[in-house]
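Chain A is the first sequence line, chain B the second, and so forth, proteins listed ahead of strands; every chain is numbered from 1. Worth saying up front: this structure is predicted, and the values here are computed from it rather than measured.
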There are 2 protein chains.
Amino acid sequence: MADLDAVLSRVRERVLPDPDERERLRATAADLTERTRAAIADLPVEADVVQVGSTARGTWVSGDRDIDLFVRFPADLDREELEEYGLAVGHAVLPDGHEEYAEHPYVKGVHDGFDVDLVPCHDVAEAGDLISAVDRTPFHDAYLTERLDDDLAGDVVLAKAFLKGIGAYGSDLRTEGFSGYLTELLVAELGGFRPLVESARSWHPPVEFDPEGHAERTFEDPLVVVDPTDPTRNVAAVLSAENLARFQHYARDLLANPREELFEPLTSEPFDSGAVRDHLDRRETTPVAVVFDAPDLVDDQLWPQLRRSLDGTVRGLNDRGFDPLRARAMVDDDGERAALYVEVETATRPAVERHEGPPVAVRKHADRFYESYADDVDPDTYGPFIDGDRYVVEREREFTTVREYLESDAAGDIALGAQIEPPFADRDVLVGDAVATLADRFGRGLREFYEPHP
Amino acid sequence: MADLDAVLSRVRERVLPDPDERERLRATAADLTERTRAAIADLPVEADVVQVGSTARGTWVSGDRDIDLFVRFPADLDREELEEYGLAVGHAVLPDGHEEYAEHPYVKGVHDGFDVDLVPCHDVAEAGDLISAVDRTPFHDAYLTERLDDDLAGDVVLAKAFLKGIGAYGSDLRTEGFSGYLTELLVAELGGFRPLVESARSWHPPVEFDPEGHAERTFEDPLVVVDPTDPTRNVAAVLSAENLARFQHYARDLLANPREELFEPLTSEPFDSGAVRDHLDRRETTPVAVVFDAPDLVDDQLWPQLRRSLDGTVRGLNDRGFDPLRARAMVDDDGERAALYVEVETATRPAVERHEGPPVAVRKHADRFYESYADDVDPDTYGPFIDGDRYVVEREREFTTVREYLESDAAGDIALGAQIEPPFADRDVLVGDAVATLADRFGRGLREFYEPHP
């Protein structure tokens, strides 16, 4: 078995930016900073510019090409002006850039091959004075810069490469994984990448770290890392239980069987329809898919709505007796179509369903139940009869096939996201082998579904 | 709507024995008592004879033809001699009789058209000195005789006719209903039939009566009537929650809509195979039946074993995902064949089944689970993957059709009664429309199944 140190040293060679890459980035960042200062000089207010994020701290994974520049305006500048001046600077520095929106609108663009974010914020004196969430970033930056020496910075890069490799990196709401800031805090707190994975393999969630020992509230999340710059914030709030478990699994795996491939994202070919059909034959389940136009939203808005829709669909299938086995939301690579994909264990149910009434002894309810189903009222119902101490009827079931249900209005009576509702109303419903045709668009999601790994 | 008093008065006319019937019974009982005394005179020990039961107390329903005579031997007579002398008297009085077995063997026979039981017991001074359970009967008899005047005796007959009409009369373990003694105690305690049903309609089980106020323990049963002759015994111990609920249902029904038919047992034709098929078409369920030779046992031994076997079969079907909807044990009129009859909602399951492992954080269990299903060990399993905080696999399902399961050894791995096991091993399994052929033998049970009522 390979030695962990040897593996890590080979990984380091691959993922740590070399002097050339560092120099290229430094030069580009310096140039951008200069241009930003020039643009600021044209404004009627004072401001300064600060480079933040992993490329500022030397904790980026080789090949990442993100430069984040924050333009700090006076704390008393009102929001409207801040946004106006912020965009003015952004467009001046990145003439081909476009506007995006976080807490404030900001400009994103490409410069010398780097992806550049030019974000306006308020220059507050302490983290406690934040006006908006982006104002926090320079404090994060300062905190980490002070604590990460070159060794720890190198370990942060290892940790990020590892989390990318296992698919748990990224705090966007599609991934629900580890943010860069979270990763850096954990490496700083535990003293390196190896101590981090050695610790993680035996965590018993909920696990809490509070580097500054200043937590001002309790948190319900499986992993809690109290923000050193904000005693009321859990830096790991977005991390799902699943990604935490995944990290623990692969931490153990790495320590038990060190190997470089754990630091490389799985790249696998999308499934074709034949592969889907092979799995359906082997599994003997009934696959169903509800397919509709994906609303034009950023992942952070789209995915929570897709997940809610998927959960509602699974619950609806379950309540109607179609026994969902496993489910996944999918979006095609172009972001054009979305699919709620579910395998159910049974696609049909009988014409009757059991419906339990109250105990006969609970007279008022019992009388009402009995009378509402008595022979002369509802001759198609079996019963009421007595089972144990209760009235029971077998009444007509509303949906006897999974298709009837998914095509019915009832399938839309779930908590869909506001922007999912309109395209969901025009949904296509596929049942059985017909889902194999989805491989054209959703081949990647289908592969992940049928080749699941931790 | 008919008036309850008018209905009861018409029912009384039908169910209360008329003077002729009473005289015929009195004469026959006197004759039998005389013959019994003569037989006792031939024994080397002293004994007396006492007539007990409803025909002794004038609380029988017209047409019942049971005479119970108890031969009381000295309390110090040992068991062997009691049985020997008891059978000697029995055979002398009822030369064509046969032996049956309760606590002791006894002789049962027909005399002048009456069904006669001649039962030996010990003549103990107080109920507290009982040697065996049958010794209690004369105390029951004495207690009731003292409390039931002619009016109450008439109401006992009404109550028995009502309980027979609704199918809840009889303390045998097939019926699990109201015994005669229980019925008489309830009528005595509540002061008549009408007060009894008026009380019952609003009972909230557990309901407890203790006529002598001397209970020496607590009971778990839904209805408790502490035996006036034994403070540790619940006279209603055999009564099922279902029959108690049935009694409450029909008590309300009678009071809301008084009618004579409630005092007449439902007589309905057995189902033929066409009727079964009609219901199957309407219900779209899959019926399954496990049919085997009924062991040659009295109902009190057979039915608890059948019920246990039915419960185990239903549990097995449920655990395997075949979703039983309703079930019933049946025995044909000749007592030759027995059927465990179940309708399931789904007769097939996919080739894979979900199997949840431990939370990833519980390291020892998690490691063991993961390793036992890892790719190189079990390539046919999907996963282990992570769902929430746990490992999950989809592994091969043992039985994908209900027939495979019912024909397998696993279907016999349930708590069958000792005497059910051998014939169960030679079972026939019917699935789907084939069950319609069962109408030949089990037409009555099938009608009760498909025309259920309270």
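B/P350 approaches A/T285 most closely through the heavy-atom pair CB-CG2, 3.6 Å. Residue B/E394 comes nearest to A/L325 through the heavy atom pair OE2-CG, 4.0 Å, listed as atom of the first residue, atom of the second, then distance. Across every non-hydrogen atom of A/Y450 and B/Y382, the tightest pair is O-CE2, 3.4 Å. The two residues A/A361 and B/Q248 come nearest to each other via the heavy atoms CB-OE1, 3.8 Å.
At a threshold of 4.5 Å between non-hydrogen side-chain atoms, the residues A/L244 and B/D389 do not count as touching. Looking at heavy atoms from C-beta onward, A/S202 lies in side-chain contact with B/R363 at the 4.5 angstrom threshold. Residues B/D323 and A/D323 are in side-chain contact: their nearest non-hydrogen atoms beyond the backbone lie under 4.5 Å apart.
With sequence neighbours excluded, the residues forming a side-chain contact (heavy atoms from CB on, under 4.5 Å) with A/R444 are A/P270, A/D333, A/E448, listed by chain and number.
Chain B forms the most heavy-atom pairs under 4.5 Å with one residue out of A/R246, A/E353, A/R282, and that residue is A/R282. For chain A, the option among B/G383, B/A241, B/G388 with the highest count of heavy-atom pairs below 4.5 Å is B/G388. Counting heavy-atom pairs closer than 4.5 Å to chain A, the top residue among B/R390, B/E284, B/E451 is B/E284. Of the listed residues (A/R252, A/R349, A/R201), the greatest number of heavy-atom pairs within a distance under 4.5 Å of chain B belongs to A/R252.
The structure places OG1 of B/T346 at 11.0 Å from CZ of A/F322, a figure rounded to the nearest 0.5 Å.
With a 4.5 Å cut-off on non-hydrogen atoms, B/A366 touches chain A through its side chain but not through its backbone. Only the side chain of B/T400 has a heavy atom closer than 4.5 Å to any heavy atom of chain A. Proximity to chain A is absent for every atom of B/S240, based on heavy atoms less than 4.5 angstrom apart. For A/P384, the part sitting under 4.5 Å from any heavy atom of chain B is the backbone (N, CA, C, O) and nothing else.
Checking side-chain atoms of B/E242 against main-chain N and O of A/D387 turns up no donor-acceptor pair under 3.5 Å.
For CZ of B/R315, the number of neighbouring non-hydrogen atoms (other residues, nucleotides, ligands) closer than 6.0 Å is 12 at most. Within 6.0 Å of CD on A/E396 lie no more than 12 heavy atoms contributed by other residues, nucleotides or ligands. By the 6.0 Å contact criterion, NE2 on A/H365 is open, its count of non-hydrogen atoms from other residues, nucleotides or ligands being 12 or less.
Aromatic rings from A/H453 and B/F385 are positioned such that their centres are separated by 6.0 Å or more.
Tested against B/E345, the residues A/R354, A/R320, A/R397 include a single salt bridge (Lys or Arg N to Asp or Glu O under 4.0 Å) partner, A/R397.
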